[in-house]
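Bear in mind the structure is a predicted one, so any value in this text is a computation, not a measurement. Every number for a ligand or one of its atoms is a count from 1 in the order of the listing.
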Amino acid sequence: MRVLIAEDDLTSRIALAGVLRKNGYEVVETVNGSEAWKALQQPDAPRLVILDWEMPEIDGLEVLRRIRSLHPDQPFYIILLTSKEDKADVIIGLDAGANDYLVKPFNAGELRARVEVGRRMVEMQDALIDTNNKLAYLATHDPLTGMLNRRAILDHLHKELARVGRQNTALAVGMCDIDHFKHINDTYGHQTGDEILCGLAQIFKAEIREYDSAGRIGGEEFLLITPVPTGTDCMPLFERLCQQVAGNQIVTKSGELSISLSIGVACTVSGGTVDELLEAADKALYQAKSEGRNRVAQHGEFLPEGVLQCVS
Ligand code: GH3
Ligand code: MG
Ligand code: MG
Ligand code: MG
């Protein structure tokens, strides 16, 4: 593990680095507060830090306060190094955010042991962060297709709707439903149906742009959300998706199979709620199905210049 040391005193710095290296640590040496502060703001900064209190330019206490105000996802473990033995100073250091302190001149064994505590803490934090990330992924993604799940895509829709409301721009949603999917299950089995769902997820991934988002809202239904800059037509994205799905075969254990999608599109400028938008998209989907499937239908009118008149 890497340890950053910030110590202006050469003798003390050499001694610190020596003990740490001897105990298997990789040492990043800095010689004053501003150098340390710069190094600690790098994305790959060491998480274990030994800060001298009294240093030129920026003192250790100020570096400490700045680090704690960073709110990094991966917090630092900081040992404050001080020649101040007074308990009041120790309290100031701990209150400023130090995890531990060490009085100079330090004892090599105590330094090693205290840094070991820090290493264990950093490793525990990493394991916890890793677990939290995995749980967050599981809570927001559909296990079969890896797409955003219903809760996550609807959360996203709420946020996007609030954002376009503030910015007075528009948002389009497409409710996408596989045509005659039951027939695929009935003919080739549920596992092949699952492979079709995964294959479709890949097509979504390839077709949507980075500012669009898609999620599996239920069984064989997917929601595609796309921001619509003023004066642009949102329909080509949905038309293209529909064509790509119909034009590409999906490889399954039962062979290469063709499917088609029906998409109901609704668009809003501002004011509408998530429920109203989804209801409008559902109505359009129903229309696409009843008009023959494998097509896009929109809820609302087209303006003369080809832009979808939004529902408000
Ligand atoms: P339509 O064109 O009207 O949409 O017809 P459809 O057959 O697609 O619609 P229907 O609602 O009758 O059937 C949907 C089917 O989707 C039924 C259900 O078993 C299947 N399904 C839902 N979730 C899954 C899944 O996770 N895996 C598989 N293999 N099938 C699923
Ligand atoms: Mg000093
Ligand atoms: Mg359906
Ligand atoms: Mg269907």
Report the nearest protein non-hydrogen atom to [atom]: residue, atom name, distance rounded to 0.1 Å.
| atom | result |
| --- | --- |
| atom 5 (O) of ligand 1 | His180 N, 3.5 Å |
| atom 26 (O) of ligand 1 | Arg216 NH2, 2.8 Å |
| atom 1 (P) of ligand 1 | Lys289 NZ, 3.4 Å |
| atom 3 (O) of ligand 1 | Arg293 NH2, 3.0 Å |
| atom 7 (O) of ligand 1 | Lys182 N, 2.9 Å |
| atom 9 (O) of ligand 1 | Glu220 OE1, 3.8 Å |
| atom 31 (C) of ligand 1 | Phe181 CE2, 3.6 Å |
| atom 23 (N) of ligand 1 | Gly219 CA, 3.2 Å |

Within reach of ligand 1, part of [X] (heavy-atom separation under 4.0 Å):
| X | answer |
| --- | --- |
| Glu221 | neither |
| Leu197 | side chain |
| Gln191 | neither |
| Asp177 | side chain |
| Asn185 | side chain |

Between [X] and [Y], is any side-chain donor less than 3.5 angstrom from a side-chain acceptor?
| X | Y | answer |
| --- | --- | --- |
| Glu160 | Tyr211 | no |
| Thr226 | Asp212 | yes |
| Ser34 | Glu57 | yes |
| Ser260 | Asp179 | yes |
| Thr273 | Asp275 | no |
| Glu291 | Gln287 | yes |
| Arg240 | Gln244 | no |

So, does [X] use its side chain to make a donor-acceptor pair with the main chain of [Y] at under 3.5 Å?
| X | Y | result |
| --- | --- | --- |
| Glu207 | Ile203 | no |
| Asp59 | Met55 | no |
| Arg295 | Arg293 | yes |

(message) Nearest non-hydrogen contact with atom 27 (N) of ligand 1 belongs to which option: Ile184, Thr192, Asp194?
(response) Asp194

Between [X] and ligand 1, does any nitrogen or oxygen pair lie at a separation below 3.5 Å?
| X | result |
| --- | --- |
| Leu144 | no |
| Gly193 | no |
| His183 | no |

(request) Look at Arg21 together with Glu29 and state whether they make a salt bridge at an N to O cut-off of under 4.0 Å. (result)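 The answer is yes: the pair qualifies as a salt bridge.
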
(request) Could you confirm whether Asp9 has any N/O/S atom lying under 2.8 Å from the Mg ion (ligand 2)? (result)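 Coordinating: no.
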
(message) If the cut-off is 2.8 Å, does any N/O/S atom of Glu7 fall short of it from the Mg ion (ligand 2)?
(response)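 No, outside the cut-off.
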
The Mg ion (ligand 2) - closest N/O/S atom in [X]:
| X | result |
| --- | --- |
| Glu54 | O |
| Asp8 | OD1 |
| Asp52 | OD2 |

Are more than 12 heavy atoms, taken from residues, nucleotides or ligands other than [X], located less than 6.0 Å from that residue's [atom1] atom?
| X | atom1 | result |
| --- | --- | --- |
| Tyr77 | OH | yes |
| Tyr188 | OH | no |
| Gln191 | CD | no |
| Arg151 | CZ | no |
| Phe181 | CZ | yes |

(request) Have a look around the Mg ion (ligand 4) and list protein N/O/S atoms under 2.8 Å, or say none. (result)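 Only Asp177 OD1, Ile178 O, Glu220 OE1 fall inside 2.8 Å of the Mg ion (ligand 4).
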
(request) Working to the nearest 0.5 Å, report the span between CZ of Arg13 and CD1 of Ile50. (result) 13.0 Å

(request) Can you measure from CD (Glu220) to CG (Leu197) and round to the nearest 0.5 angstrom? (result)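 One gets 8.0 Å once the value is rounded to the nearest 0.5 Å.
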
(message) Under 4.0 Å, counting heavy atoms only: does Glu195 come that close to any atom of ligand 1?
(response)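 Contact absent.
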
(request) Might you check, step by step, whether the distance between atom 11 (O) of ligand 1 and some protein heavy atom is under 4.0 Å? (result)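 Given the 4.0 Å cut-off, atom 11 (O) of ligand 1 does not count as touching protein heavy atoms.
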
(message) List ligand 1 atoms under 4.0 Å from Ile178, heavy atoms only on the residue side.
(response) 2 (O), 4 (O), 8 (O)

